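To start, the structure under review is shown below, and the notes come after it.
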There are 2 protein chains.
Amino acid sequence: MDDRTYTAAAEPGETVTVAGWVHEIRDLGGIAFLILRDTTGKIQVKFEKDEMDDDLVETGLGVHRESVVAVTGDVEEEPRAPTGVEVTPDSLDVVAEADPELPLDPSGKVDADLSTRLDNRTLDLRKDEVQAIFAIRAEVLRSVREAFRNLDATEINTPKIVATGTEGGTELFPITYFGQEAFMNQSPQLFKQLMVGSGLERVFEIGPIFRAEEHNTPRHLNEATSIDFESAFYDHTEAMDACETVVKAAYEGVAENCQDELEALGLQDEFEAPEGEFPRLTYEEAIERINATGELDEQLVWGDDLPTEGEHALGQDVGEHYFITDWPSEIKPFYIKDHDDDEQLSTGFDMMHPTMELVSGGQREHRYDHLVDGFEQQGLDPEQFDYYTKMFKYGMPPHAGWGLGGERLVMTMLGLGNIREAVLFPRDRQRLSP
Amino acid sequence: MDDRTYTAAAEPGETVTVAGWVHEIRDLGGIAFLILRDTTGKIQVKFEKDEMDDDLVETGLGVHRESVVAVTGDVEEEPRAPTGVEVTPDSLDVVAEADPELPLDPSGKVDADLSTRLDNRTLDLRKDEVQAIFAIRAEVLRSVREAFRNLDATEINTPKIVATGTEGGTELFPITYFGQEAFMNQSPQLFKQLMVGSGLERVFEIGPIFRAEEHNTPRHLNEATSIDFESAFYDHTEAMDACETVVKAAYEGVAENCQDELEALGLQDEFEAPEGEFPRLTYEEAIERINATGELDEQLVWGDDLPTEGEHALGQDVGEHYFITDWPSEIKPFYIKDHDDDEQLSTGFDMMHPTMELVSGGQREHRYDHLVDGFEQQGLDPEQFDYYTKMFKYGMPPHAGWGLGGERLVMTMLGLGNIREAVLFPRDRQRLSP
């Protein structure tokens with residue numbers, strides 16, 4: 001059935017069948033044009049009313065916008081046509097007639113708010129600039145996977161239905177699992193750690209994570225795509241090296257393979273893959289620099305978490321991707337290892353885009369006793385995590401890794417105003433369908 | 001930290017640090033060997049007791065099996081060593097001591113039942129033949145993604161938290177979503193269809209699906225990996241072509257890139273990528289051939305679903321991957337289109353491995369009125385699916401696609417006896433952790 005010619009491939013001198021959506025109809029009187037759109041572009045179909053069959057003209061010009069049609073005809077050069085060619089139809093078949101009233105205008109001439117767009121994603125994605133986001137998202141995932149394989153990491157898939165959360169119960173969605181209480185997993189953290197102790201040693205996973213966070217902001221999702229990496233025999237500095245490599249690979253993949261999409265988004269001139277090493281600031285340097293900006297009402301002191309305005313001030317100051325290292329242990333999760341020579345100092349790190357946090361990582365605590373103590377200090381029952389901790393008794397190497405927010409990567413790369421623009425069908429407190 | 005040399009890369013004449021797990025210690029009296037294992041293989045570490053520091057000998061030979069150690073020393077040729085080289089240690093560091101009692105023997109000398117293996121996946125995956133399954137699984141996903149991209153399909157991710165199931169409520173896991181009832185998605189079916197009506201036109205997704213099926217069998221999982229494909233302007237025969245291409249690509253990728261892994265599984269001689277076209281049998285031919293085998297107690301008649309024994313009998317008869325086409329409409333889901341010239345006959349198809357069903361697909365119903373009727377005939381309220389059906393009013397092209405069970409693909413490819421062997425952490429009625 002799909003023996004059609006893509007509009008972008010229609011060459012003068014050929015007889016083709018093109019099929020797609022009716023983008024626009026321009027009736028100039030004796031002559032009229034139907035602009036047909038498919039995934040590769042648009043093509044002009046010419047109707048010379050006096051010289052063509054009346055039925056054909058009536059069908060072609062009477063069809064509603066966004067209907068699906070198939071047109072067979074000769075392709076000719078026409079410098080005045082948008083793509084330099086046009087089709088003179090011999091026949092036109094209305095494959096799927098669209099309602100005359102559309103909930104959203106795919107030509108983009110009428111603006112729609114984000115909520116209307118998300119309610120009508122199918123129509124929304126007929127716009128070049130929206131389609132471009134998801135083509136770029138796919139390229140990001142492709143190039144990230146390739147970068148992981150170049151690092152000798154094996155792709156894994158870990159369960160999304162779990163008996164216990166990674167960091168306790170506050171942000172978990174409960175499931176009824178054959179009469180038992182279970183949860184949707186908020187992170188593959190514990191599972192990927194179990195894999196570095198196996199013969200795989202170095203692993204990555206790209207998959208959904210679920211967080212029952214109450215806040216509805218332009219940067220949070222309740223279902224997101226997490227890009228996770230973990231390696232045996234890595235320390236936090238090597239994990240940061242790997243992180244830099246993978247993030248750069250995503251940018252480079254897009255720069256190399258998505259020029260048309262960047263153009264559709266108007267980013268062809270400003271898009272740049274980051275070069276050079278990402279600066280590595282200690283937490284201490286970070287709060288000093290934030291304080292020095294004078295942007296905060298109150299000065300930060302050691303032990304404070306970085307407020308959003310602080311991240312913004314520092315991001316503007318640094319002006320490129322950067323790491324924050326050596327955090328106070330007390331504000332990093334218990335499974336992150338402290339520095340051997342200073343228990344107050346964590347090997348945890350964040351990797352930041354100038355506008356927001358993208359990555360959280362660190363070297364992990366691999367010593368069984370310390371790990372069990374950590375659960376207790378966090379107020380969690382180590383017994384409940386026995387399936388995880390017990391493997392640390394059978395030869396668990398030192399290891400490090402990180403998790404990268406897939407949507408945040410796309411959002412910051414393209415300068416999107418809302419993280420929901422980087423997800424086909426976002427989930428938030430209010431939005432459960434489509 | 002990971003400045004170690006992989007065991008497979010240790011060359012005679014070098015001084016190296018190798019690190020990994022203590023696979024075995026063989027004490028022959030005056031001389032003893034520690035076999036060290038890492039992700040690339042094994043290497044022999046030689047202890048000549050009289051010529052070496054007592055502490056070094058004591059530490060090296062006193063360490064428990066499966067402990068993590070780092071050994072620095074000179075590599076020398078030694079034809080009698082398993083890999084032709086051995087290391088004479090200058091120092092040995094016990095990085096993570098293992099308990100002397102292991103719940104499972106990673107050397108494979110003591111058999112463990114599947115349940116014990118799954119409870120201790122970290123240890124289980126230290127076995128070459130188990131590790132090989134997951135290296136192959138990763139290659140299957142890599143080559144499948146590449147095949148999809150060669151078909152110009154865009155990778156998408158659709159939500160796993162949904163307001164309504166694809167085919168109604170019987171096999172859904174309920175979630176509490178901010179006080180609302182929601183479900184874990186059992187298939188990306190409806191979402192991928194919404195995308196063929198968008199500018200993307202052709203899409204694929206590889207992600208988790210969740211089915212609250214009660215039956216516990218060696219071929220069912222409650223959380224599985226679905227490989228989904230959907231294309232605008234395809235009919236069912238083109239969808240079958242794409243299916244064949246993708247499944248062959250998976251086999252070819254493994255044949256090309258996983259020879260060591262196939263050897264670890266003892267499959268190096270018998271593994272073959274399927275060649276030629278997969279035979280396409282109609283449902284009518286299928287039941288005739290099953291009846292002719294005489295394997296069933298009762299003869300199948302038109303309208304019967306194929307029982308498992310029937311699939312086995314037919315699979316043995318056909319002896320290779322094959323399609324079953326032209327099913328009775330009444331036993332295929334409502335969203336599958338019937339043949340235009342015979343409403344009793346569905347365009348749905350299954351793709352079968354000789355031992356079990358791998359793929360289910362078909363051309364989809366793209367006509368709004370027919371689709372809404374279908375929901376009603378299935379006993380579903382079309383209103384609840386309005387987010388999906390309404391998009392069919394705005395120019396939905398004809399389209400077709402399919403879903404392939406990722407674990408079943410790996411299971412049948414490698415002849416595994418239980419689908420759980422193809423999942424790191426399987427989920428079934430009884431198993432919710434690890």
Side-chain angles (χ1 to χ4, degrees), chain A residues 1-2 4 19 21 39 66-68 95-96 98-99 102 121-123 125-126 131 135 138 141 154-161 163 173-178 180 182 191 194 197-201 208 223 225 233-235 238 366 387-388 391 393-397 424-425 427 429 432-434, chain B residues 1-2 4 19 21 39 66-68 95-96 98-99 102 121-123 125-126 131 135 138 141 154-161 163 173-178 180 182 191 194 197-201 208 223 225 233-235 238 366 387-388 391 393-397 424-425 427 429 432-434:
Chain A
M1 174 198 282
D2 197 18
R4 65 181 168 142
W21 288 262
T39 194
E66 296 305 320
S67 298
V68 179
V95 179
D99 272 11
L102 302 173
R121 260 306 197 194
T122 305
L123 292 170
L125 269 148
R126 293 181 189 170
Q131 216 180 112
L141 296 185
T154 303
E155 180 158 15
I156 60 171
N157 304 96
T158 68
K160 306 310 161 202
I161 302 178
F173 290 115
I175 318 169
T176 308
Y177 189 78
F178 298 119
Q180 292 175 72
F191 295 106
L194 290 179
S198 80
L200 298 177
E201 291 195 16
E223 177 175 345
T225 304
F233 300 106
Y234 264 33
D235 66 15
E238 288 158 312
H366 69 284
Y387 69 86
Y388 162 73
M391 288 301 137
K393 291 192 288 190
Y394 308 124
M396 183 62 79
L424 288 175
F425 301 100
R427 291 291 173 259
R429 276 192 66 94
L432 190 49
S433 82
Chain B
M1 175 200 283
D2 198 17
R4 65 181 168 143
W21 289 263
T39 194
E66 297 304 320
S67 297
V68 178
V95 179
D99 271 10
L102 302 173
R121 260 305 197 195
T122 306
L123 292 170
L125 269 148
R126 293 182 190 170
Q131 217 180 109
L141 296 185
T154 303
E155 181 159 16
I156 60 171
N157 304 94
T158 67
K160 306 310 159 201
I161 301 177
F173 290 114
I175 318 169
T176 308
Y177 189 78
F178 298 118
Q180 292 176 73
F191 295 107
L194 291 178
S198 80
L200 297 177
E201 291 196 18
E223 177 175 345
T225 304
F233 300 106
Y234 264 33
D235 67 14
E238 289 159 310
H366 69 284
Y387 69 88
Y388 162 74
M391 288 302 137
K393 292 192 287 191
Y394 307 123
M396 183 61 79
L424 288 175
F425 300 100
R427 291 290 174 260
R429 274 191 69 91
L432 191 49
S433 83

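All chains are named by letter (A, B, ...) in the order of the sequence lines, taking the proteins before the strands, and each is independently numbered beginning at 1. What you see is a predicted model, and the numbers here were worked out from it, not measured in a lab.
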For this session: Would you please test A:Met396 and B:Val68 for side chain to side chain contact (heavy atoms under 4.5 Å, CB included) and show each step?
Result: CA-CA 7 Å; A:Met396 183 62 79; B:Val68 178; over 6 Å; no

Exercise. Do B:Leu125 and A:Leu200 pass the side chain to side chain contact (heavy atoms under 4.5 Å, CB included) test, and can you show the C-alpha distance, the side-chain angles, and the key distance before you say yes or no?
Worked result: CA-CA 7 Å; B:Leu125 269 148; A:Leu200 298 177; 4.3 Å; yes

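Residue B:Pro208 touches chain A through its side chain alone, counting heavy-atom pairs closer than 4.5 Å. For A:Tyr394, the parts lying under 4.5 angstrom from a heavy atom of chain B are both the backbone and the side chain. Both the backbone and the side chain of A:Pro174 come within contact range of chain B, each with at least one heavy atom under 4.5 Å from a heavy atom of that chain. Residue contact with chain A, scored on non-hydrogen atoms closer than 4.5 Å, involves the backbone and the side chain of B:Tyr177 alike. Looking at A:Glu66, both its backbone and its side chain come within 4.5 Å of chain B, counting heavy atoms on both sides. For A:Leu141, the part lying near chain B is the side chain, with the backbone staying farther off; criterion is any non-hydrogen pair under 4.5 Å.
In this structure, A:Leu424 and B:Ile156 have side chains that are in contact, with non-hydrogen atoms separated by less than 4.5 Å. Using a 4.5 Å heavy-atom cutoff, the side chains of B:Tyr388 and A:Ser433 are not in contact. Here the side chains of B:Leu123 and A:Met391 are in contact, with some heavy-atom distance below 4.5 Å.
With hydrogens and angles disregarded, a donor-acceptor distance shorter than 3.5 Å links the side chain of A:Arg126 to the backbone of B:Gly197. Not one N or O on the side chain of A:Ser67 forms a donor-acceptor pair closer than 3.5 Å with the backbone of B:Gly395. B:Arg427 contributes a side-chain N or O that, together with a main-chain N or O of A:Ile161, makes up a donor-acceptor pair within less than 3.5 Å. A donor-acceptor pair under 3.5 Å is absent between the side-chain atoms of A:Glu155 and the main chain of B:Ala138, judged by distance alone. In this structure, the side chain of A:Thr122 does not engage the main chain of B:Ser198 through any donor-acceptor pair within 3.5 Å.
With sequence neighbours excluded, the residues satisfying side-chain contact (heavy atoms from CB on, under 4.5 Å) with A:Ala135 are A:Glu261. Looking at residues two or more places apart in sequence or on another chain, you find a ring pair (Phe, Tyr, Trp, His ring centres under 6.0 Å) between A:Phe425 and B:Phe191.
Of all heavy-atom pairs between A:Arg429 and B:Gln180, the closest is O-NE2, 3.8 Å. Minimum interatomic distance between A:Glu223 and B:Lys160 (heavy atoms only, all atoms of both residues): OE2-N, 2.7 Å.
With values rounded to the nearest 0.5 angstrom, A:Arg121 atom CZ is found 13.0 Å from B:Thr158 atom OG1.
Ranked by heavy-atom pairs shorter than 4.5 Å toward chain A, the options B:Thr154, B:Thr176, B:Thr225 are led by B:Thr176. For the set A:Ala182, A:Pro159, A:Ala96, A:Ala163, the count of heavy-atom pairs under 4.5 angstrom toward chain B peaks at A:Pro159.
B:Arg4 has a carboxylate O that lies under 4.0 Å from a charged side-chain N of A:Glu201, or vice versa, which qualifies the two as a salt bridge.
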